[in-house]
Amino acid sequence: MAGEPQKDCLFCKIVEGHVPATIVRQTDTTVAFRDINPQAPVHILIIPKVHYDNAAALAAGAPEIAADVLREAQAVADDEKLESYRTVFNTGPGAGQTVFHAHAHILGGRGLQWPPG
Ligand code: AMP
Ligand code: ZN
């Protein structure tokens, strides 16, 4: 069921503390941790504690938590002293989504090209 923990979901396991992660922030509804394979000097993932497959499903099923994720993006940027940063939601394998638990990538700490690849 949407929102319920998924047995085989890596990010649900991080929320539950069953898989280690370098957690930088937590709220009642979100966890932020460093990406294991950083694509920029600062690369942090923000996830809702509840399981939704992607950002659109989260926004449809729990819009207030989708807003929490976006609010946390600025909080992470402030903590990391990022003046500029990029927030990315990959949706679907063709866009590079590999973990099917909604997450925002926060990328910064270097100049970021636009348009992205
Ligand atoms: P995506 O490709 O958009 O689904 O993003 C998934 C991200 O999760 C990738 O950038 C991975 O490097 C990252 N990732 C995978 N496993 C872990 C982990 N155990 N801890 C932190 N980040 C991870
Ligand atoms: Zn999950």
Side-chain angles (χ1 to χ4, degrees):
M1 207 175 98
E4 295 298 313
Q6 302 290 299
K7 199 161 51 69
D8 296 323
C9 173
L10 174 63
F11 288 176
C12 283
K13 289 180 184 164
I14 287 177
V15 171
E16 290 162 351
H18 296 153
V19 165
T22 306
I23 292 173
V24 295
R25 289 183 59 86
Q26 283 211 58
T27 68
D28 287 349
T29 57
T30 65
V31 183
F33 53 93
R34 296 198 188 277
D35 196 293
I36 206 167
N37 182 23
Q39 302 302 313
V42 176
H43 187 173
I44 290 171
L45 302 175
I46 304 168
I47 66 173
K49 288 183 175 175
V50 288
H51 181 99
Y52 286 88
D53 288 354
N54 56 45
L58 174 66
E64 68 293 351
I65 299 179
D68 293 343
V69 169
L70 287 180
R71 205 173 293 114
E72 278 298 287
Q74 186 60 52
V76 162
D78 289 346
D79 285 356
E80 299 289 324
K81 305 196 174 5
L82 299 177
E83 235 174 69
S84 303
Y85 61 94
R86 185 167 293 154
T87 307
V88 173
F89 294 93
N90 294 326
T91 302
Q97 189 177 5
T98 57
V99 179
F100 292 85
H101 178 129
H103 54 278
H105 296 256
I106 305 301
L107 297 149
R110 63 165 165 81
L112 296 167
Q113 292 189 338
W114 189 261

Identify every side-chain donor-acceptor pair in residues 106-117 under 3.5 Å, counting partners at least two apart or on other chains, and give the distances.
| from | atom 1 | to | atom 2 | distance (Å) |
| --- | --- | --- | --- | --- |
| Arg110 | NH2 | Gln39 | O | 2.7 |

> What's the shortest heavy-atom distance between Lys49 and Val31, and which atoms?
Replying inline: CE-CG2, 3.8 Å
> Can you tell me if His101 uses its side chain to pair, donor with acceptor, with the backbone of Pro48 under 3.5 Å?
Replying inline: yes
> Under a 4.5 Å cut-off applied to non-hydrogen side-chain atoms, are Phe11 and Gln6 in contact?
Replying inline: no
>> Under 4.5 Å between side-chain heavy atoms, counting indirect links through other Ile/Leu/Val/Met/Phe/Trp/Tyr residues: same cluster for Val88 and Ile46 or not?
In response: no
>> On a heavy-atom basis, which atom in Ala66 and which in Ala59 lie closest, and how many Å separate them?
In response: CB-CA, 3.9 Å
> Under the ring pair (Phe, Tyr, Trp, His ring centres under 6.0 Å) test, which residues partner His105, sequence neighbours left out?
Replying inline: His43, His103
> Which pairs count as salt bridge (charged side-chain N to carboxylate O under 4.0 Å, His left out) when at least one residue sits in residues 51-72, sequence neighbours excluded?
Replying inline: Arg25-Glu72, Asp68-Arg71
>> Phe89: which residues meet the ring pair (Phe, Tyr, Trp, His ring centres under 6.0 Å) condition with it, sequence neighbours left out?
In response: none
> So, the side chain of Glu80 versus the backbone of Asp78: is there a donor-acceptor pair under 3.5 Å, distance only?
Replying inline: no
> OG1/Thr30 to CG/Leu45 distance, rounded to the nearest 0.5 angstrom?
Replying inline: 12.5 Å
> Side-chain heavy atoms under 4.5 angstrom apart, residues restricted to Ile, Leu, Val, Met, Phe, Trp, Tyr: same cluster for Leu70 and Val42?
Replying inline: yes
>> Tell me whether Val69 shares a hydrophobic cluster with Tyr85, the cluster being built from Ile, Leu, Val, Met, Phe, Trp, Tyr side chains joined at under 4.5 Å.
In response: yes
> Is there any salt bridge (charged side-chain N to carboxylate O under 4.0 Å, His left out) pair reaching into residues 83-94, and which pairs are they, with sequence neighbours excluded?
Replying inline: none
>> For Tyr52, run the side chain to side chain contact (heavy atoms under 4.5 Å, CB included) check against Ile65, Ile47, Leu58 and tell me which one passes.
In response: Leu58
> Residues two or more places apart in sequence or in another chain: which of them pass side-chain contact (heavy atoms from CB on, under 4.5 Å) with Val24?
Replying inline: Ala32, Arg34, Ile44
